Amino acid sequence: MRIAIKNLNKTYKGGVRALHDINLEIGQGMFGLLGPNGAGKSTLMKILATLEMPSSGEVFVDGENICNQRKRIRQKLGYLPQFFGVYPQMTGYEFLFYIAQLSGIKRKTAQMQALHILKEVALDVARDRKVKTYSGGMLRRLGIAQALIHDPQMLVVDEPTVGLDPEERIRFRNVLAGIGTDKIIILSTHIVGDISSTCDELAILSRGKIVYRGTPAGLIQHARSKAWTVACREHDYSQIAAKMQIISTISTHGNLHLRVVGKPIPGFDFKPAVANLEDAYMNFMDEHTGERVDEDILQEAKS
Amino acid sequence: MSLFIKHILAVGRAERLLIFRTAKFWVLSGIGLFIVALFILGTTLATIFDNNPPGEFMLQGTDALLAMYLFSFLQAILIIFIASDFRKTEVHSRLDQVMYSRPVDTASWVIGKFWGVVSSLIYLNIALIVLASIGRIFKWYFTDASIGLQPAFIYIMIATIPAILFMTALVFFFVSSLRLQALSIILPIGFVAAILFYFQGKFLGFFDYACFTSPLFASDLIGFADLGYLLYQRLFYTVFALALLCFSIILFPRPVQNKKLQHFVLLGGTIFSLIAVFLVLRVVQMEKELQNWRKDAYAFQKSLVNKATCKVSHYDFDVKLFGDGAPLQATVQFSIKNPNAEPLAELLFSLNQALKIHTLKSIAGETLPFEHKFNVLNIRLKQPLTPADSIELILTYAGKPNADDFILDRLPDQDDLIRKREGPFLRSSISSWLDNDFVILPMESGWYPIPGVACGYGFRRRPPKNFATARITIEGPAELHYITQGRQISSDSLQGRYVFAVEKPVPGFSLNAGPYKKLSRKFRQAELALYYYPQHLPAIETFSEIADTCFEAIETLLDEFETVTGTAYPYPQLSFVEIPTQMQIYLTESGVRNTLLQPGIIMLEETAITGHNIEKEIELRQKKAKRRGRDDSIRKIKRDVFIDFMLDFLLPYKAWQGDGTLNSPLKNYLHFQVDIQNPVLHRALEVQYFERC
């Protein structure tokens, strides 16, 4: 199974161009879509989930154009949107049973499937509780459960770990990792950690354009010899931040220990560090697009 | 079952579950059910503990009608608030993307949501009917009121479901097209307010989508009578609801999944809209045609008022009821006389236009030319009928008298005479009835040829009377009782053939038939009889042991009556016949209404009998006697109760006021014989009032 995106453009009413001539081939396995907020990731996800119409260009899933074959694509598709909610009055089981029926599963099978998937995402103990009583992490797991309930061949997951605590995030990543390798899983996120721990391939989207397409290792390779650590005084922080991309900051006894990427500036004692995907992504964005990612997000990713 | 239907049912089930778990639904419906429950409790207690309960409350359809009527106001608001959530639920729950990415057609999704709302409300209405039925069971248990669930289900089918379908579809349409929930609430509320405070029954009541003012009063005898117009209106709202639903699907903000289905829905919406428009046009056209016909007929008859007419001295009716082809088939042989000083070349008769004439011949077998137009049968004689000369004709006709085409004095500008009462108790206004169980053909319905034209004589003036004798042969179902002006001279229940003779001339003939029970007694030469619907008077058996005493007392009263008025009762019978509450009230020359009166026959609206709780009355009188230290025997109490019961028909309280009760025999004595201004009648009315008090 393959997804082929050809010359895809999306311009919203009012002239906002969300996607610009996107060309992408996605095969089986987990594919990461990385990019800062507003890069166009969610728009691309919505088009793949058949919720938005492209302004031009085509998207093929196994040779079928998703604009013409929505129903068939939807049968193969599981989708977890960035903002996922629930019917607060329903129980987890009722919700999944309903979703299963909407996905075309027969009533009896739907009942069994709902129970099975609840167990898979470790929600079986809470199946008869109203979902309004679920925690954020439980809701996310319920979200992935609804996306998987009909065993889709293509899973589109948009910013799934935002707002989750570290434990829930890891648990969620494990759930994703447990999904078979025979599916296409597109994980859109601005949290690099999600990609680094799960994806075989990734693309970086910036201002509606694909600026990188390759493997995480390739991206890291690109940042080799560009990652550093440095200790400095607080008043030096702004000087370094103006010239380099700060990845993380640790403050101890009035001193700052920074992790940075970029070309070192004179006057400080930069020590080389082994580049990771965060470093690589930050470096790439800084070099190729001039965009800098918010340090807080990186902190979140590291945690 | 196709996936399309499965999706609809799944979405509908979920929607219903969500509605049933919202506070809004339970608060609004709870208030409605509570009000209805209180009302039903109140009317149940009133009918159980009142010895003279309102007759309407005892009819089997009334509880359900009132429950539905009271609830319909709150339901209008409830639907708007629930249905307007149909898109918001997913959007606010941030579930819209998850739901819309499922392989569910937009049509299944919207129809499923629609079904969810509609089915929730239907369940609620079933609860309402259960509530009303509980009240009815209590009434039946304690008062012997009639019981039956049929009217309740007909209310749901005719009134409730089209109203729910329409209002839900209207709100869905607004939500899909405007996408602003506030407007989707305000606009339908405005529509409901406009109906309640402005449109009401205007424009033929066409805007009354929830039957706030529709004639839905059910008779225990004939059910809902003629719902023809109402059914058109209800069909319109159902079809229009389907059209709105189709357009809601088209306008629903979701990328099209199945273009073929979408085109099909668009086609469906267009077809439903066209049908709805057609229904509106059809109703307008029908009403226009009817009113134009009535006006033209009125004008036509008015132009003939001063034309010399003949008199009929004797009719020989051969009537076949419910035979093959037509519910009424009649052959009438009648002797016609020219009472004028001038010869008559044309003979004018009134005959309902819906009765189709098959043959018109002279007694010698010669076919005569005729014209039957605007309820007027104009017979053209080959040889003018010279003064005092007579001729005998044989007329054969068949059909079902059209209740709308007669009584032309009731034109739309005389609205108060067409509608008996406003509001939920609007009872329609049929002027005749003919179905397999009941036949109610007053002479005003024009079921037989009556000399002269029926209207156009001026305000509250009636046509000249034609006194005639008759022989009436009726062939019909053996299980029915037949009531005419005649004395029954033979009956063959095996053949279902009954012969009546009217030996003393009467001013008109009516025909009633139904599965009545008869309570009768000879009074001098006349038969005093009450024909009642068995369910309405089950307690009458209570009086069997003292029947003689009761009747003797009534005979004494009637004797006194004759002495006071100086007028002997002129007819061979005085029959009280129970008729459905929807029957139209005839206007008399006296200007007094509610005259369901025929020569020798008094038609009693069914509520007159159902308004008597005989057993309760006996019980109350026993208690009263005990309290006052009297030792009244049960025989005496029963006798008093029975006489009071009969007096309500014989000498009603309000007869002197001319308000609703010209059904006394006093009126029957004189109504067809002398003018209302007759001093004897005036004096007698006065006496009647004081006697009764």
Side-chain angles (χ1 to χ4, degrees), chain A residues 42 45-54 66-91 94-107 110 130-132 139 142-147 149-150 152 154-158, chain B residues 1-26 82 85-113 115-116 120 252-262:
Chain A
S42 289
M45 294 288 104
K46 282 181 187 170
I47 290 172
L48 291 174
T50 72
L51 295 169
E52 293 269 7
M53 295 280 282
I66 64 167
C67 293
N68 303 331
Q69 298 291 338
R70 280 202 181 80
K71 192 167 186 177
R72 287 168 61 85
I73 302 298
R74 284 171 182 168
Q75 282 165 346
K76 300 174 184 174
L77 170 77
Y79 176 55
L80 176 62
Q82 182 177 0
F83 300 106
F84 168 71
V86 288
Y87 295 117
Q89 307 97 319
M90 280 189 179
T91 65
E94 285 168 344
F95 176 69
L96 288 178
F97 173 58
Y98 177 34
I99 295 289
Q101 284 187 297
L102 292 188
S103 304
I105 301 172
K106 284 182 181 171
R107 199 178 160 83
K130 297 263 171 71
V131 287
K132 64 183 172 190
L139 284 176
L142 188 67
I144 199 71
Q146 64 78 25
I149 195 153
H150 58 303
M154 180 173 112
L155 184 65
V156 177
V157 190
D158 193 3
Chain B
M1 202 176 0
S2 78
L3 198 60
F4 183 75
I5 304 287
K6 276 184 187 168
H7 280 155
I8 290 175
L9 295 178
V11 175
R13 205 178 299 118
E15 184 69 9
R16 201 164 51 238
L17 185 139
L18 292 171
I19 289 172
F20 284 160
R21 288 183 186 171
T22 54
K24 187 162 55 181
F25 177 79
W26 287 114
I82 289 175
D85 280 349
F86 104 90
R87 212 180 130 239
K88 194 190 83 174
T89 311
E90 280 73 28
V91 173
H92 277 210
S93 306
R94 290 179 158 179
L95 258 170
D96 50 339
Q97 292 182 17
V98 167
M99 292 302 177
Y100 302 163
S101 66
R102 297 283 147 191
V104 179
D105 295 305
T106 306
S108 314
W109 178 257
V110 176
I111 295 171
K113 287 269 174 184
W115 171 239
S120 308
F252 192 79
R254 182 194 185 199
V256 177
Q257 174 170 283
N258 186 337
K259 282 184 182 166
K260 271 186 191 169
L261 184 63
Q262 203 77 350

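Computed from a prediction, not measured in an experiment: that's the story for all the values here.
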Task: Winner by heavy-atom pair count (cut-off under 4.5 Å) against chain A, out of Arg13(B), Lys259(B), Arg94(B) - done: Arg94(B)
Open item on the list: Can you tell me which portion of Leu18(B) sits under 4.5 Å from chain A's heavy atoms? Options are side chain, backbone, both or neither.
Closed with: both
Open item on the list: Counting heavy-atom pairs closer than 4.5 Å to chain A, which one of Ala14(B), Ser108(B), Gly112(B) comes out on top?
Closed with: Ala14(B)
Open item on the list: At a 4.5 Å cut-off on heavy atoms, which part of Lys76(A) comes close to chain B: side chain, backbone, both, or neither?
Closed with: neither
Open item on the list: So for Arg72(A), is it side chain, backbone, both, or neither that comes closer than 4.5 Å to the heavy atoms of chain B?
Closed with: neither
Open item on the list: Under a 4.5 Å cutoff for heavy-atom pairs, which residue among Leu80(A), Asn68(A), Ile99(A) has the most contacts with chain B?
Closed with: Ile99(A)
Task: The single option from Met90(A), Gln146(A), Gln101(A) passing side-chain contact (heavy atoms from CB on, under 4.5 Å) against Leu96(A) - done: Gln146(A)
- [ ] With a 4.5 angstrom heavy-atom cut-off, could you sort out which part of Glu94(A) is near chain B: side chain, backbone, both or neither?
- [x] side chain
- [ ] Could you tell me which portion of Lys132(A) (side chain, backbone, both or neither) has an atom closer than 4.5 angstrom to a non-hydrogen atom of chain B?
- [x] neither
TODO: Return yes if a side-chain donor-acceptor contact under 3.5 Å exists between Ser120(B) and Arg16(B), otherwise no.
DONE: no
Task: Contact summary for Met154(A) and Ile73(A), nearest pair of heavy atoms - done: CE-CG2, 4.4 Å
Open item on the list: Hydrogens and angles aside, do Glu90(B) and Tyr87(A) bring a side-chain donor and acceptor to less than 3.5 Å of each other?
Closed with: yes
Task: Phe252(B) versus Phe86(B), closest heavy-atom pair with distance - done: CE1-CE1, 3.7 Å
TODO: Supply the atom-to-atom distance Asp85(B) CG to Thr22(B) OG1, rounded to the nearest 0.5 angstrom.
DONE: 7.5 Å
Task: Proximity breakdown for Tyr98(A) and chain B, heavy-atom pairs closer than 4.5 Å - done: side chain
- [ ] Test ring pair (Phe, Tyr, Trp, His ring centres under 6.0 Å) on Tyr100(B) and Tyr79(A) and set out the steps.
- [x] CA-CA 10 Å; Tyr100(B) 302 163; Tyr79(A) 176 55; over 10 Å; no
